[in-house]
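Chain letters run A, B, ... following the sequence lines, proteins first and then strands; every chain starts at 1.
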There are 2 protein chains.
Amino acid sequence: MEDTKSKNRFKDFLVTQGLKSTHQRELILEEFLRAGSHLSTEDLYLRLRRKNPRIGYATVHRTLKLFAECGIAEQRNFGDGQARYEASAHDEHHDHLICVVCGKIVEFEDPRIEELQIEVAGGLGFSIERHRLELYGCCSDCRPA
Amino acid sequence: MEDTKSKNRFKDFLVTQGLKSTHQRELILEEFLRAGSHLSTEDLYLRLRRKNPRIGYATVHRTLKLFAECGIAEQRNFGDGQARYEASAHDEHHDHLICVVCGKIVEFEDPRIEELQIEVAGGLGFSIERHRLELYGCCSDCRPA
DNA sequence: GTTTAATTTGAAATCCATTTTCAACAGGGG
DNA sequence: CCCCTGTTGAAAATGGATTTCAAATTAAAC
């Protein structure tokens, strides 16, 4: 249950940072974990409003930043001018394939590419800390037969 | 002379699109080609102001979009909240290494990585149109000996 | 349970890069 | 030169992210 893991990690984070556990933070975490990945702040905000109209955009925004800070979420940016968040699977990293027609986002991972990145960077004197790889193209559903 | 090539391409673009060749557009293109790559709109605007105080930000912005449209420039986004533009070398593609300490940006290219990208995407039913690969790390100048 | 000190909330305001508006201006064909 | 159309630039609008601040909530202390 990744959910429980994330919830515990967030609780621990709040405690160690001297922050408080609130109703809103719980609601937001619940909904964040329930909803699929790659949601914008707006997306999550609207989903939450449907169930609890008394929640504020600012709170959703601040809470998502907390999630990122404590490591249970990662911020992404696919160039549409909106930050998106996804629940992070800790040990495994992945990159993204984005369909330019329908907007579908698929995750993938390839150790050979990672390997080459390290090699290339090393050759230029860099040690890599993180990277971003996004492939934009057309998925099979959107390609004319 | 890549410069002449870009200038001609832009001229052709203006003609075929029924757009006009103006003093400002020439100035902006000159300065864009002269200045190094990875400039933000603001950067270029300030450089231009030094020589010609009568040029407007909106014009620089619009003109950079024209450059991108006609293919002599590419828009980049390295996550600092500002779009950057670089002169595009047509036949060759490259990716970026960014030093998280000093902000230095190095370009690189590796056909093996490109190859693998196509392979991986194909396996998931995608045909790639373009991609973005950025490696963030620490350059040799910034690494403690 | 009550008090207290500190954090959190949410509506609204602010920020800031980008984009649009619009009246004055410039290009270039006729 | 004239006219039509595209262009310019100052200013305003936009839109997502972020901050402000008074009121509300939390959790520790009493």
Side-chain angles (χ1 to χ4, degrees), chain A residues 10-32 38-70 73-86, chain B residues 7 10-32 38-70 73-85:
Chain A
F10 186 54
K11 268 196 187 99
D12 290 350
F13 174 78
L14 292 179
V15 171
T16 63
Q17 300 291 310
L19 302 177
K20 289 173 178 171
S21 169
T22 68
H23 188 48
Q24 285 91 333
R25 285 177 177 162
E26 279 174 37
L27 279 178
I28 295 171
L29 180 51
E30 289 276 353
E31 190 62 31
F32 174 68
H38 311 119
L39 290 94
S40 65
T41 307
E42 179 83 18
D43 291 339
L44 190 57
Y45 169 66
L46 291 176
R47 288 182 66 115
L48 284 156
R49 289 290 284 211
R50 289 211 291 271
K51 297 175 184 174
N52 187 333
R54 312 187 48 65
I55 207 151
Y57 183 95
T59 303
V60 177
H61 170 262
R62 282 183 290 229
T63 305
L64 279 171
K65 293 222 313 189
L66 284 183
F67 292 170
E69 214 176 309
C70 87
E74 277 172 63
Q75 200 190 31
R76 301 278 180 190
N77 221 301
F78 297 124
D80 60 349
Q82 272 194 309
R84 291 171 186 283
Y85 289 85
E86 68 179 47
Chain B
K7 286 181 189 173
F10 187 53
K11 268 196 189 95
D12 290 350
F13 174 77
L14 292 179
V15 171
T16 61
Q17 301 291 309
L19 303 177
K20 288 174 180 172
S21 169
T22 69
H23 188 48
Q24 286 91 332
R25 284 177 178 165
E26 279 174 37
L27 280 178
I28 295 169
L29 180 51
E30 289 276 353
E31 190 62 32
F32 173 68
H38 312 119
L39 290 92
S40 66
T41 307
E42 178 84 17
D43 291 338
L44 190 57
Y45 169 66
L46 291 176
R47 289 182 66 116
L48 282 158
R49 288 292 283 214
R50 289 211 292 271
K51 298 174 183 174
N52 189 332
R54 310 188 49 65
I55 207 151
Y57 185 95
T59 303
V60 177
H61 170 260
R62 283 183 290 228
T63 306
L64 279 171
K65 293 222 313 191
L66 284 183
F67 293 169
E69 215 176 309
C70 87
E74 277 172 63
Q75 199 191 30
R76 301 279 180 189
N77 221 300
F78 297 125
D80 60 350
Q82 272 195 309
R84 293 172 185 283
Y85 289 85

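The distance from the NE2 atom of A/H23 to the CD1 atom of A/I55 is 7.5 Å, given to the nearest 0.5 Å. Here the OH atom belonging to A/Y45 is positioned 13.5 Å from the CG atom belonging to A/L64, to the nearest 0.5 angstrom.
Rounded to whole angstrom, the span from the NE2 atom of B/H23 across to the C1' atom of D/dG9 amounts to 15 Å. D/dA27 atom C1' lies 16 Å from atom NZ of A/K11, rounded to whole Å. Computed from coordinates, the A/Q82 CD to D/dG16 P distance equals 6 Å when rounded to whole Å. Atom CG in A/D80 sits about 15 Å away from atom P in C/dT18, given to the nearest Å. B/E42 places its CD atom 15 Å from the C1' atom of C/dT19, with the value rounded to the nearest Å. Here C/dT9 presents its C1' atom at 14 Å from CG of A/L48, a figure rounded to the nearest Å. What separates CD of B/E69 from P of C/dT19 is a distance of 12 Å, to the nearest Å. A/D43 has its CG atom 11 Å from the P atom of D/dA17, to the nearest Å.
Two residues, B/T22 and A/Y85, neighbour DNA chain D, and the one matched to the more 5' nucleotide by heavy-atom proximity is B/T22.
In the set C/dT18, D/dA17, D/dG6, D/dA17 carries the atom at the smallest distance from any side-chain atom of A/A83. With distances taken from any side-chain atom of A/A58 to the nucleotides D/dT8, C/dT9, C/dA11, the minimum falls on C/dA11. Considering only the side chain of B/Q24, D/dT8 comes nearest among D/dT8, C/dA12, D/dA10. The side chain of A/K20 approaches C/dA5 more closely than any other nucleotide in the set D/dG9, C/dA5, D/dA17. Taking only side-chain atoms of B/K65, from C-beta outward, the nucleotide of C/dA11, D/dT8, C/dT19 with the closest atom is C/dT19.
Between A/R25 and C/dT9, a side-chain N or O to OP1/OP2 separation shorter than 4.0 Å is present. Side-chain nitrogen and oxygen atoms of A/R62 include none within less than 4.0 Å of the OP1 or OP2 phosphate oxygen of C/dT8. Taking only side-chain nitrogens and oxygens, B/H61 never comes nearer than 4.0 Å to OP1 or OP2 of C/dT18. Taking only side-chain nitrogens and oxygens, A/Y57 comes nearer than 4.0 Å to OP1 or OP2 of D/dA17.
Using a 4.0 Å cut-off between charged nitrogen and carboxylate oxygen, B/K7 and B/E26 do not count as a salt-bridge pair.
The six-membered or imidazole ring of A/F67 lies away from that of A/Y85, with a centre-to-centre distance of 6.0 Å or more.
At the heavy-atom level, B/S40 lies nowhere under 4.0 Å from the strands shown.
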- prompt: Which is it for B/L46 and B/E42 under the side chain to side chain contact (heavy atoms under 4.5 Å, CB included) test, yes or no, and what are the steps along the way?
  reply: CA-CA 6 Å; B/L46 291 176; B/E42 178 84 17; 3.9 Å; yes
